[in-house]
Amino acid sequence: MSRDIVEPEEARIYGIGYRSWKRSFQPNSKRFLFLTWEEIKLIARPRWPLYVFISLRLIFFIFEVLGILNAPPSGIPFEQYIPFKQFYFSRLINSGSPMLGLTDVLLVFYAGSSVLSRDRLSGAYSLYFSRPLTRLEYLAVKFSAVAFYVLSFTWLPAIYIYLALGSAYDFKPVDYLKWEYLQYLVAVLGYGLLIILLLTSFVLLLSSYLKKGWYVGVILVALPIVSSIVYSILVPLEVQNPSIYVGPFASSIYILAWFLDIDKTVLVENFGLFDATLITSVSYVGSMSASIILALIAVFLGVLFVRIRSLEVV
Amino acid sequence: MAKSPLIVFEHVTKWYSGNVIGLNQCSATIGKGITGLLGPNGAGKSTFLKLATGQIYPNIGQVSIFGVNPFANTGIFTKVGYCPEQDAFWSWMTGKEFLVNLSLVHGFSKKEAKDEAKRVLEIVGLDDARADRRIVTYSKGMRQRVKVAQAMIGDPELLILDEPFAGADPITRAYLGKVFEKLKKKGVSILISSHVLHEVEAFASQIKLIYRGRLLAEGPVKRIRQLIYDHPHRIFIKTKSPRKLAQHLIIEPSVSSVEISNGGKNSSLWVLSKNPYEFYRTLPKILIDTGIPVEEFQSVDDNLQAVFDYLISR
């Protein structure tokens, strides 16, 4: 029995060859924005964590409004209550941590813990690193996507507390934009940015080394616990400025106080921060802590870049 | 045309953790045209290609591609397209979305990226409804086509393809073979790895045999083919109708014997051929005529192993 030889269907070739692109590629900034947006969509793709985080923010919002309305003792109008910035500060630190609390740590963990390990395990490194995309650009995309995703949630309470407080203090619409008040919102957003950049760079660094995302979670939970244990040892010893030695987790409150220009005595008398008696001044501890955080961000990102730069796609 | 080599390996040694040697004192040059990199599984082919594309770096020696060190040098990928061996997909996307996204990573604008995805899909014969299906639903053959397509994004001068035929059905193999032939005619250089000579002999002008991390032989395809086809060739076919397929195969002059293993649902055939070239040309016709579906198809490297044994023992 003889058979015909099968010829496969004819291949079609369009313009392949030594064709050089006469057109230039789009600017790197546009590509960066596109890739960052794609990465954000990827982080937000599983819907239920997104709904959980949004729900938590809404619940905090309701509690905030109720908390603000019930804050002044009855009969005392808001204008005669504590100054705006103090009230803002108190809502941020005393109302179940609506900002930079557990939710935000969970957010950073969720968004960033597997962002690099996922690419490593899925083989996506070989897709990215066989394109004219530098490793620095790749890292910048990942970092920006995680930071933006988390910040969109983290900044939300800062904004709605500002708006709710403004309403309580009888702000006219134009008052919200007056620098006299707006500076406090900017300070709080800046504080949030600082902390989220620190957490994001730390989590991405861990993600580049660890094989499983939940390892990152363990470290994220362990660090504040260890910090508070060390802090509780230092305070009875009356070590001056103990929070500086313990690190960002203990000192962040002083950064916020420094940004909002809250006095040391106010911290002790109005907020019961008796540890504040050990500090030299709010501005000293705040500025030192902010500097340490900036230095840590630089170190984390530097190590991360060296790590990605020398990474082999095995 | 200048005869400057595209890729140069100078005394390159690469080892992995655990003292596993990937490549051992390998010196080679890859020129223009199509070069087949042949060797059994674990011979060092993927290591060779990863070194050439800068996915990994050599422990000893130097690698250059287009005259530059490729490691983490993503600029070369304006000229080089790389198809990795392992599946690396964003499998929740459709084939078209995947290629559009990679085109955007490459630096194309949105409009150009769509055109580019369409172009490469046409080349690999997926420019139909299948392109709009999610990759997760693709057969192995379709995945291979998409992988090859992504390597062609940006019209590279040099394609580096790591086992593009692995696991693909005979029709896909034949189709891609035709594509590479056409590319060759258009002046595109290709470095393609395989563990079976017949897969590359139709279009490769030069063959490099690699074994246990060492370059064992190199030369024109005719000489290598003669060397290899002196030995019997074994082919593995996984099908739900092994007996029916065996009936049709055994009457073929190119088939020496057919063996059925595991008589259940997941049965497979082992075919021994003395004339594999003829066998690979007639098999697609048999499959089309009989309508027997093939789930997996592999040319095992026993025959190549025999050649290597012969070369080593000389």
Side-chain angles (χ1 to χ4, degrees), chain A residues 1-21 23-28 30-35 37-39 41-42 45-46 118-138 141 305 308-314, chain B residues 16 50 53-57 72 74-78 80-82 84 86-92 101-102 104-110 112 119 122-125 150-155 157 171 174-179 181-183 185-188 251-252 281-286 288-289:
Chain A
M1 182 178 166
S2 66
R3 286 186 181 277
D4 295 332
I5 300 302
V6 172
E7 289 296 339
E9 52 182 311
E10 195 67 7
R12 289 157 292 170
I13 304 295
Y14 297 91
I16 278 279
Y18 285 94
R19 184 179 79 182
S20 59
W21 284 91
R23 294 160 291 172
S24 57
F25 287 125
Q26 63 176 336
N28 282 357
K30 275 184 97 174
R31 178 169 67 172
F32 171 78
L33 289 176
F34 160 76
L35 290 177
W37 180 240
E38 285 300 311
E39 191 64 33
K41 284 200 291 187
L42 190 60
R45 209 168 62 90
R118 180 180 55 223
D119 278 357
R120 188 175 62 225
L121 295 174
S122 69
Y125 276 160
S126 63
L127 294 176
Y128 283 115
F129 298 156
S130 58
R131 307 274 147 213
L133 175 82
T134 67
R135 296 190 179 201
L136 180 61
E137 286 170 320
Y138 167 82
V141 163
F305 175 64
I308 294 294
R309 176 73 179 72
S310 58
L311 187 80
E312 291 190 296
V313 186
V314 180
Chain B
Y16 299 102
K50 282 179 178 175
T53 51
Q55 310 283 303
I56 57 177
Y57 53 80
T74 48
I76 61 166
F77 291 107
T78 52
V80 178
Y82 173 56
Q86 78 276 17
D87 275 0
F89 294 112
W90 297 309
S91 51
W92 60 90
N101 271 276
L102 281 178
L104 287 160
V105 175
H106 211 87
F108 291 99
S109 68
K110 270 195 172 176
E112 285 176 335
R119 187 183 70 86
E122 282 172 348
I123 292 172
V124 297
Q150 64 82 27
M152 292 180 189
I153 289 172
D155 235 355
E157 293 177 31
I171 293 170
Y175 188 87
L176 288 178
K178 285 279 181 186
V179 169
E181 268 183 71
K182 295 249 175 169
L183 288 171
K185 284 178 189 161
K186 295 274 182 180
V188 176
I251 55 177
E252 289 298 325
R281 285 166 66 86
T282 52
L283 182 62
K285 171 73 175 165
I286 296 171
I288 290 167
D289 283 355

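Lettering follows sequence order; numbering is per chain, from 1. From a predicted model like this one, the values you see are computed outputs, not experimental measurements.
- In this structure A:Glu38 satisfies the salt bridge (Lys or Arg N to Asp or Glu O under 4.0 Å) test together with A:Lys41, sequence neighbours excluded.
- The contact between A:Arg31 and chain B is made entirely by side chain atoms (from C-beta outward), counting heavy-atom distances below 4.5 Å.
- Contact annotation for A:Leu133: both backbone and side-chain heavy atoms come within less than 4.5 Å of a heavy atom of chain B.
- Within 6.0 Å of CH2 on A:Trp37 lie no more than 12 heavy atoms contributed by other residues, nucleotides or ligands.
- For a residue to count as touching a neighbouring chain, one of its non-hydrogen atoms must lie under 4.5 Å from one of that chain's; by this rule A:Leu42 touches chain B with the side chain only.
- Between B:Tyr82 and A:Phe129, the distance from one ring center to the other does not fall under 6.0 angstrom.
- Contact of B:Glu181 with chain A is not made at all, since no heavy-atom distance falls under 4.5 Å.
- Side-chain atoms of B:Ile56 and B:Tyr16, non-hydrogen and from C-beta on, do get closer than 4.5 Å to each other.
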